[in-house]
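This report concerns only the one structure given below.
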There are 2 protein chains.
Amino acid sequence: MLRERGVAPTSQRVSIALEMLLEPTHLTAEEVVRRVGRQDAHVSRATVYNTLRCFVDHGLLRLVNVGTERVFYDSNTSAHHHFYDPQSGRLTDIDDSEVSIVGMPRLPEGHEVEAVELVIRLKPAS
Amino acid sequence: MLRERGVAPTSQRVSIALEMLLEPTHLTAEEVVRRVGRQDAHVSRATVYNTLRCFVDHGLLRLVNVGTERVFYDSNTSAHHHFYDPQSGRLTDIDDSEVSIVGMPRLPEGHEVEAVELVIRLKPAS
DNA sequence: CTAACTGCAAACGTTTTGCAACTTT
DNA sequence: AAAGTTGCAAAACGTTTGCAGTTAG
């Protein structure tokens with residue numbers, strides 16, 4: 001899987017891939033550090049951050065911004081949207097049939113779209 | 001304007017309000033620190049951050065998240081969306097007639113919507 | 001007089017970086 | 001040997017906080 005995307009499969013990268021790419025996940029870098037550390041390999045924080053960036057660059061993960069707090073890495077790289085609950089720090093998918101974005105605005109001269117990010121922030125019901 | 005919203009108008013708050021609330025702006029906290037410092041008053045970083053949060057809480061500004069880098073404060077508090085160009089660090093409005101979000105997904109049990117954030121990230125045209 | 005606000009500097013949490021050591025090839 | 005990868009600790013970044021002093025009503 002890594003080789004297919006041109007990512008040299010070192011043992012650390014494989015550990016991270018096993019944790020993230022086998023099932024749908026929404027993990028922060030720190031969660032990956034914890035999870036990978038919990039079993040087999042110790043992977044350094046720096047390497048986790050490098051690897052996640054590398055996976056994003058090679059289309060294995062999608063980066064999801066929710067604010068300044070943290071970044072999520074989503075193993076589902078197809079276009080879809082998210083709920084974010086700052087209370088619990090949990091990110092969840094929005095079913096694609098439930099919302100859609102209609103229309104594509106004229107882009108500023110000399111630019112193209114890098115990413116479309118729709119995040120619905122949640123709060124406890126009043 | 002401040003009093004209307006129940007915000008006690010101290011001199012620092014007035015300085016910041018003059019900078020942000022008179023015309024449409026998309027400023028980061030650091031830009032506000034610089035701009036306010038450039039003229040009359042020296043307002044401390046802490047006070048700028050406190051004041052911006054206060055203005056958001058009282059509906060004078062809208063907070064726009066674009067990632068981990070920084071937060072923007074938008075003097076247009078009505079529902080609308082944004083382009084973000086990481087290259088230039090500039091945030092711009094998307095005309096409301098150009099995109100819309102259709103449908104409102106079922107929310108997770110016990111939650112309601114705090115904010116709907118649609119940000120289109122730009123990159124230089126290839 | 002009191003409650004609220006300010007400013008400094010120190011703390012924070014997440015992410016990046018410099019660089020020497022270690023794998024690969 | 002060259003190219004790429006790793007890990008540590010330190011730095012960077014934007015933001016928040018503790019607290020003593022100040023201001024406003």
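The analysis underlying the following values was restricted to heavy atoms, covering all of them including side chains, and did not include hydrogens, waters or symmetry mates. Here is the naming used below: chain letters follow the sequence lines, and residue numbers restart at 1 for every chain.
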Nucleotide D:dC19, atom P - distance to CG of B:Asn50 in whole Å: 16 Å

Rounded to whole angstrom units, what separation is found between the CD atom of B:Glu31 and the P atom of D:dG14? 11 Å

Euclidean distance, atom CZ of residue A:Arg53 to atom C1' of C:dT15 [Å, nearest integer]: 9 Å

On DNA chain C, check which nucleotide each of B:Ala46 and B:Thr68 is closest to and give me the residue with the more 5' one. B:Ala46

Got a second to check how far B:Thr92's OG1 is from A:Leu107's CG, nearest 0.5 Å? 10.0 Å

Between P of D:dC13 and CZ of B:Arg70, the distance in whole Å: 11 Å

Take B:Arg45 and B:Arg3, find for each the nucleotide of DNA chain D with the closest heavy atom, and name the residue whose nucleotide sits nearer the 5' end. B:Arg45

Donor on one side chain, acceptor on other, B:Asp96 and B:His80, under 3.5 Å: no

Expressed in angstrom and rounded to an integer, what is the separation of A:Leu27 atom CG from C:dT14 atom P? 14 Å

For D:dT15, does OP1 or OP2 lie under 4.0 Å from any side-chain N or O of B:Tyr49? yes

Phosphate OP1/OP2 of D:dA24 contacted by B:Thr10 side-chain N/O (<4.0 Å): no

Can a donor-acceptor pair be found between the side chains of A:Tyr84 and B:Glu114 at a distance below 3.5 Å? no

To the nearest Å, give me how far apart CD (B:Glu69) and C1' (D:dA12) are. 14 Å

Whole-Å distance separating the NE2 atom of A:His42 from the C1' atom of D:dT5: 19 Å

Verify the cluster assignment for B:Leu22 and B:Val56: are they in a single hydrophobic cluster under the rule of side-chain heavy atoms below 4.5 Å apart? yes

Are A:Gln12 and D:dG7 close enough that a side-chain N or O sits under 4.0 Å from OP1 or OP2? yes

Output yes when at least one side-chain N/O atom of A:Arg13 is less than 4.0 Å from OP1 or OP2 of D:dT5, else no. yes

Distance check needed: C:dT14 P versus A:Leu52 CG, whole Å only. 14 Å

Output, in order, the C-alpha distance, side-chain angles, deciding distance and verdict of side chain to side chain donor-acceptor pair (under 3.5 Å) for B:Asn50 and B:Thr47. CA-CA 5 Å; B:Asn50 286 339; B:Thr47 298; 5.2 Å; no

Quick one: on DNA chain C, does B:Val43 or A:Val71 contact a more 5' nucleotide (nearest heavy atom)? B:Val43

